[in-house]
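Model, not experiment: these values are computed from the prediction.
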Amino acid sequence: SSDVCSSDLMISLSIASAKVVTFFELPNISQTFFLTFCSYSIELTIYLNSFFMKTILKSMTCIAIGAMMAEPAAAQQKDNYPELEGPGPVIIISKDKNGKQELIDVFNETQRPHFHDPRAPRFLLTDRQGKFALGIGGYLKTTMEYDFDGTVDDIDFIPALIPQPGSTQVRNQFQMDAGTSTIFLKLVGRTKHLGNFIVYTAGNFRGSGKTFELQNAYLSFLGFTMGYDTGLFMDLAACPPTIDFQGPDGMTFYRATQLRYEANLMKGLKVGVGVEMPSVDGTPAKDVRINKQRMPDIPAYVQYSWTKGSHVRVGGILRSMTYEDEVSNKAKSITGWGIQASATAGLGNFRAYGQFTYGKGIAQYLNDMSNLNVDIVPVADEAGRMQVLPMRGWFAGLQYNFSKRVFASTSYSQSRLFTKDCYAHFNETQYKKGQYLVANVFWNVTHNFQVGVEYLHGWREDFNDLSREANRINLSAQYNF
């Protein structure tokens with residue numbers, strides 16, 4: 001590993017970093033020292049411009065090899081993603097510490113399972129009686145991305161957005177992103193009538209112009225959840241870990257304003273049902289308007305768990321999508337539906353993930369197809385009439401935990417749009433199939449600091465059988481607070 005990490009760039013980075021620290025620590029700095037620092041900075045810039053691709057590949061190897069050299073921890077992992085043992089991350093700020101452990105347990109038990117969700121808060125404010133606690137936390141994350149041999153027109157890796165051949169001559173692309181950095185507030189309370197209840201709000205900076213964008217805002221009590229949250233027609237715990245914020249193209253992921261109810265019927269058996277705010281993305285058509293919706297989306301699921309972190313889940317969704325036929329001047333509805341099966345299981349140091357989804361008119365919920373406006377599409381040569389197309393998405397992944405410090409994973413995913421009533425004949429350049437391959441390594445440098453490296457490869461194929469591909473390398477650093 002010393003041979004791989006001893007490149008000129010790594011030496012330049014080390015020297016430059018050392019001189020930056022020295023610059024701030026010394027009260028006086030000589031002109032010679034300052035010029036030396038500038039010369040190294042110029043050298044670094046030349047290397048980045050000349051050998052950028054080579055540098056990233058070497059950096060990937062350095063992180064992976066350095067991480068694997070870390071000393072393994074003896075304790076068993078507690079969650080899907082390993083983390084270092086250490087002092088408790090929660091700091092209690094209270095005049096009376098009565099009941100604080102029970103409140104901390106509620107925070108830990110209600111930890112959201114998705115890889116990109118923040119962990120339990122580091123700071124807690126409690127009242128004197130120990131019945132209420134307000135947690136404040138989040139993480140700062142910076143990602144560096146480099147596309148080569150094909151690009152994706154988005155900060156996330158979305159195969160559906162690989163440009164058509166000839167639309168651009170640029171085959172390489174560099175991007176950086178800190179917009180997924182997240183901050184949240186979580187209030188936990190214990191009351192006589194509501195039992196343990198939770199108020200949770202979170203957001204990142206993925207809004208227009210890097211403004212704050214709401215991700216979650218809900219209240220949970222006695223099995224009920226009301227507010228804005230990730231939808232029920234998805235399985236957060238079965239999603240594989242990725243630096244790419246969107247994740248596999250065939251995975252279901254969406255957010256909606258909703259009211260849902262979840263209950264544990266018996267040991268290991270859990271059910272849920274809800275009503276969600278409808279949102280229909282249809283292909284624009286002559287003599288058709290898609291605007292107001294008359295019915296909510298209705299998702300439901302049944303889940304069986306045999307150990308903590310291992311379960312199988314079967315779910316479905318039913319939706320009625322309304323559009324206005326301006327030929328007959330009538331409001332019409334068309335039914336969409338979807339079914340889904342997902343699972344995650346741990347065996348020793350391995351963990352497997354998987355999900356399969358099939359339905360009609362559910363493009364909004366599938367990562368790739370949510371960018372295509374194909375919940376409902378026009379019927380060829382029949383003005384004022386819309387239809388739903390069959391579609392499918394799936395992924396499978398495997399994770400290996402080398403230690404509490406290091407884990408690696410790889411996943412493959414595919415999404416597919418099928419044709420109906422000559423739709424493909426009249427839309428030859430429309431998306432037919434997307435594929436997504438990812439491999440990554442994560443290293444928990446400290447209890448709150450994590451770095452990762454990732455390779456992605458994507459394919460897009462249209463109904464005319466023309467295809468295009470893209471590659472991306474991601475480097476990330478994340479600090480939890």
Side-chain angles (χ1 to χ4, degrees), residues 77-142 178-207 212-230 236-237 239 241 245 255 257-258 260 262 308-309 404 444-450 477-481:
Q77 74 174 64
K78 297 178 181 179
D79 303 309
N80 290 0
Y81 314 111
E83 61 183 52
L84 292 178
E85 297 288 349
V90 177
I91 298 175
I92 300 291
I93 303 176
S94 174
K95 292 184 178 180
D96 189 344
K97 297 183 179 180
N98 292 331
K100 70 172 185 177
Q101 187 57 49
E102 184 175 344
L103 288 172
I104 293 175
D105 290 342
V106 174
F107 274 98
N108 291 328
E109 291 168 3
T110 57
Q111 172 66 31
R112 297 176 60 86
H114 189 228
F115 182 72
H116 292 290
D117 282 322
R119 301 188 313 191
R122 186 163 190 186
F123 301 99
L124 288 184
L125 304 174
T126 68
D127 67 344
R128 293 185 177 182
Q129 291 75 33
K131 293 184 177 180
F132 297 90
L134 177 65
I136 306 170
Y139 60 80
L140 174 66
K141 183 175 182 178
T142 301
T180 59
S181 298
T182 298
I183 187 168
F184 75 90
L185 298 174
K186 185 174 183 179
L187 176 68
V188 169
R190 294 180 297 156
T191 64
K192 180 178 179 181
H193 300 292
L194 298 181
N196 292 336
F197 74 90
I198 297 168
V199 178
Y200 184 82
T201 60
N204 59 26
F205 300 89
R206 277 293 186 91
F212 183 81
E213 183 176 64
L214 186 68
Q215 300 292 303
N216 313 89
Y218 62 82
L219 165 66
S220 293
F221 63 95
L222 300 178
F224 290 95
T225 298
M226 52 188 294
Y228 183 71
D229 193 20
T230 48
L236 285 175
C239 300
F245 192 66
R255 291 180 170 87
T257 304
Q258 62 193 271
R260 68 176 186 252
E262 297 171 279
K308 183 179 180 180
K404 285 288 185 179
N444 295 314
V445 182
T446 68
H447 185 76
N448 293 305
F449 182 57
Q450 182 186 81
Q478 175 176 318
Y479 184 82
N480 301 293
F481 58 87

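Gln450 CD to Gln478 CD: the interatomic distance, rounded to the nearest 0.5 Å, is 6.0 Å. The CG atom of Leu214 lies 9.0 Å from the CZ atom of Arg255; values are rounded to the nearest 0.5 Å. Leu134 contributes atom CG, which lies 8.0 Å from atom CG of Leu124 (distance to the nearest 0.5 angstrom). The CD atom of Gln215 lies 10.5 Å from the CG atom of Asp229; values are rounded to the nearest 0.5 Å. Going from atom OG1 of Thr201 over to atom OH of Tyr218 covers 9.5 Å, rounded to the nearest 0.5 Å. With rounding to the nearest 0.5 angstrom, the OG1 atom of Thr182 is 5.0 Å from the CG atom of Asn204.
Two residues are said to be in side-chain contact when any heavy atoms from C-beta on lie closer than 4.5 Å; Leu236 and Thr230 meet this criterion. For the pair Asn448 and Arg119, the minimum side-chain heavy-atom distance is below 4.5 Å. At least one side-chain heavy atom of Phe197 sits less than 4.5 Å from a side-chain heavy atom of Leu219. Between Ser220 and Thr225 the shortest side-chain heavy-atom distance falls below 4.5 Å. Using a 4.5 Å heavy-atom cutoff, the side chains of His114 and His116 are in contact. With a 4.5 Å cut-off on side-chain heavy atoms, Arg206 and Phe212 do not count as touching.
Looking at Asn216, its side chain never comes within 3.5 Å of a backbone N or O of Gly203 through a donor-acceptor pair.
Between Phe184 and Tyr200, the distance separating the two ring centers is shorter than 6.0 angstrom.
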> Step by step, would you call Leu185 with Ile136 a side-chain contact (heavy atoms from CB on, under 4.5 Å)?
Replying inline: CA-CA 5 Å; Leu185 298 174; Ile136 306 170; 3.7 Å; yes
> Given Phe132 and Thr191, is the side-chain contact (heavy atoms from CB on, under 4.5 Å) satisfied, shown in steps?
Replying inline: CA-CA 9 Å; Phe132 297 90; Thr191 64; 4.1 Å; yes
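Gly137 approaches Pro121 most closely through the heavy-atom pair N-CB, 4.4 Å.
The side chain to side chain donor-acceptor pair (under 3.5 Å) search around Thr110 returns Lys186, not counting sequence neighbours.
Ring pair Tyr479/Phe449 is tilted by interplanar angle, where 30° to 60° counts as tilted.
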